[in-house]
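Contents: one structure, followed by commentary.
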Amino acid sequence: MEKVPMTSEGYKALEEEIRFLKSVERPRIIKAISEARAHGDLSENAEYHAAKEQQGLNESRVAELEDKMYRADIIDVTKLSGDTVMFGAKVKLVDEDNDEESTYQIVGELEADVKKGRISITSPLARALIGKSVGDSVEVVTPGGGKSYEVLKISFK
């Protein structure tokens with residue numbers, strides 16, 4: 001069974017989402033199903049079918065997240081250090097074409113959020129950065145064409 005790498009922060013977020021789905025969403029959906037049943041004929045009851053569909057989606061998401069938790073390989077980023085890019089590293093880059101700087105942390109797939117500067121370990125940029133050191137350049141193929149970045153700083157926090 002393949003392990004799913006994630007930070008301890010990502011694991012806590014997974015636990016919180018599962019708790020929400022089980023303790024808030026599940027009871028809400030059960031109540032909606034119960035109310036829809038009270039309206040009578042289920043074969044033509046759109047509210048009932050919509051609530052049942054929501055229930056299926058909710059339970060599917062819970063099962064998916066619980067599977068990820070079971071297979072989680074929790075990596076404590078605060079205990080990492082080094083001079084090369086690896087999972088959990090915060091990497092400051094400069095775009096060699098326009099000199100724009102950006103900082104990304106390499107995290108697990110479930111934690112990725114580019115707007116928050118968190119990219120998935122499986123993303124093309126992260127894969128290109130793994131093993132690189134300060135001063136190294138990387139070429140990344142993006143949907144908009146090739147991009148070239150230089151690694152300015154690597155930190156673990």
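All of these numbers come straight from a predicted model, not from anything done at the bench.
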Could you go through R26 and E59, starting from their C-alpha distance and side-chain angles, then the distance that decides it, and tell me whether this counts as salt bridge (charged side-chain N to carboxylate O under 4.0 Å, His left out)?
CA-CA 8 Å; R26 186 181 281 165; E59 296 308 314; 2.7 Å; yes
*Stepwise side-chain contact (heavy atoms from CB on, under 4.5 Å) check, Y48 with H39*: CA-CA 9 Å; Y48 174 77; H39 293 125; over 6 Å; no
Atom [atom1] of [X]: over 12 foreign heavy atoms under 6.0 Å:
X	atom1	answer
E96	CD	yes
N98	CG	yes
Q54	CD	yes

Approximate separation, where rounding is to 0.5 Å, of [X] [atom1] and [Y] [atom2]:
X	Y	atom1	atom2	result
T7	I106	OG1	CD1	12.5 Å
H49	N45	NE2	CG	6.5 Å
E16	L21	CD	CG	10.0 Å
Q105	F87	CD	CZ	8.0 Å
T84	I130	OG1	CD1	8.5 Å
E109	I119	CD	CD1	12.5 Å

Using the rule that Ile, Leu, Val, Met, Phe, Trp and Tyr join whenever any side-chain heavy atoms are under 4.5 Å apart, tell me whether [X] and [Y] fall into a single cluster.
X	Y	result
I29	V24	no
L57	L65	no
V94	L129	no
I121	I154	yes
V138	V114	yes

By side-chain hydrogen bond (donor to acceptor under 3.5 Å, both in side chains), S23 pairs with (sequence neighbours left out) R19
pair [X]-[Y]: side-chain heavy atoms closer than 4.5 Å:
X	Y	answer
M69	Y11	yes
V4	Y70	no
Y104	K90	no
D73	M6	no

Are F156 and T78 close enough, and set up right, to give a side-chain contact (heavy atoms from CB on, under 4.5 Å), and what steps lead you there? CA-CA 6 Å; F156 298 90; T78 60; over 6 Å; no
Looking only at heavy atoms, the pair that brings S120 and A112 closest together is N-CB, 3.6 Å
When every non-hydrogen atom of S81 is compared with those of M86, the smallest separation belongs to O-CE, 3.6 Å
Between E66 (side chain only) and A63 (backbone N and O only), is there a donor and an acceptor less than 3.5 Å apart?
no
- Step by step, would you call S148 with E139 a side-chain hydrogen bond (donor to acceptor under 3.5 Å, both in side chains)? CA-CA 5 Å; S148 182; E139 295 285 330; 3.1 Å; yes
Short N-O contact, [X] and [Y], less than 4.0 angstrom:
X	Y	result
K147	D95	yes
R118	E9	yes
R61	E64	yes
K68	E17	no
R71	E2	no

* side-chain contact (heavy atoms from CB on, under 4.5 Å) between L93 and T103, intermediate numbers included -> CA-CA 6 Å; L93 305 170; T103 302; over 6 Å; no
query = What's the verdict on side-chain contact (heavy atoms from CB on, under 4.5 Å) for V151 and V91, showing C-alpha distance, side-chain angles and the deciding distance?
reply = CA-CA 7 Å; V151 178; V91 185; 4.0 Å; yes
Can you see whether E150 engages S137 through a side-chain donor-acceptor pair at a distance of less than 3.5 angstrom?
no
